[in-house]
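Take a look at the structure set out below.
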Amino acid sequence: FSYDSVPDISPVLHIIDSAIAYAPEEIRFYNQKAGYLEAAMRNDELRKTLHKILFINPDDLDAIFRLGMCLDRLGDADSARYYYRKTIGLARQSNSNDENTYLDSIYIARLEYFITGDKEAALEKIRESADTLKMSEEHKKLFTRLLKDFDHQNALLFPYGRATEKSAR
């Protein structure tokens with residue numbers, strides 16, 4: 001699959017749309033459609049599909065985050081920021097205090113950095129979450145490496161964020 005030449009996904013979308021017509025409450029069909037639309041960079045259609053997922057399940061964390069990215073690519077920074085913040089709120093609610101929670105906290109802090117552009121505040125949130133969580137020695141090493149690679153990993157996680165990045169600063 002090459003992003004330089006996106007194949008025609010119309011036949012696949014037709015099949016998925018048939019499945020949706022047969023089972024309109026089945027989120028997995030919408031997720032499949034969203035995946036193809038996202039790969040083909042058909043962002044306006046993707047936005048509509050993600051809204052349908054959220055109509056069925058308003059707390060679908062993945063759909064909320066993907067909608068933020070989609071809106072960001074469409075240049076709607078304010079709406080993208082709204083959905084990113086909603087992602088943060090829901091992710092914080094769903095966190096439990098197990099030993100892998102710090103990874104979620106790092107991800108949330110990265111997302112906040114992406115929205116606000118305030119790297120020091122994001123790093124402080126990561127450190128705070130590390131202080132309150134139990135971590136094995138292996139996880140502490142990983143945590144230290146993640147802090148060192150913060151900028152590089154942000155670029156990898158959020159390559160689309162041109163609209164929010166510009167408007168946050």
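Remember, it's a predicted structure, so these values are computed and weren't measured experimentally. Index from 1, following the sequence.
Remark: N43 CG to K48 NZ distance equals 12.0 Å, nearest 0.5 Å. For the atom pair L67 CG and I53 CD1, the distance stands at 9.5 Å (nearest 0.5 Å). Within the model, atoms OH of Y83 and CG of D76 stand 9.5 Å from one another, a figure rounded to the nearest 0.5 Å.
By the side chain to side chain contact (heavy atoms under 4.5 Å, CB included) test, I15 pairs with no residue at all, sequence neighbours left out. With sequence neighbours excluded, the residues satisfying side chain to side chain contact (heavy atoms under 4.5 Å, CB included) with A23 are E26, F29. Evaluation of the side chain to side chain contact (heavy atoms under 4.5 Å, CB included) rule for S10 yields D8, R42 as partners, not counting sequence neighbours.
For the pair D60/L50, no side-chain contact is recorded, criterion being any heavy-atom separation below 4.5 Å from C-beta on. You'll find the side chain of R66 reaches within 4.5 Å of the side chain of N31, heavy atoms only. Side-chain atoms of I20 and K52, non-hydrogen and from C-beta on, never get closer than 4.5 Å to each other. The shortest side-chain heavy-atom distance between L37 and L13 falls under the 4.5 Å cut-off. No side-chain heavy atom of E45 sits under 4.5 Å from any side-chain heavy atom of K33.
The nearest pair of heavy atoms linking S79 to L71 is CB-CD1, 3.7 Å. Considering every non-hydrogen atom in both I27 and N57, the closest pair reads CD1-CB, 3.6 Å. Between A80 and G68, the closest heavy-atom pair is CB-O, 3.3 Å. Across all non-hydrogen atoms, the minimal contact from A40 to I9 is CB-CD1, 3.7 Å. Of all heavy-atom pairs between P58 and I64, the closest is O-CD1, 3.5 Å.
Using a 30° and 60° split on the angle between ring planes, Y84 and F65 fall in the tilted class, from 30° to 60°.
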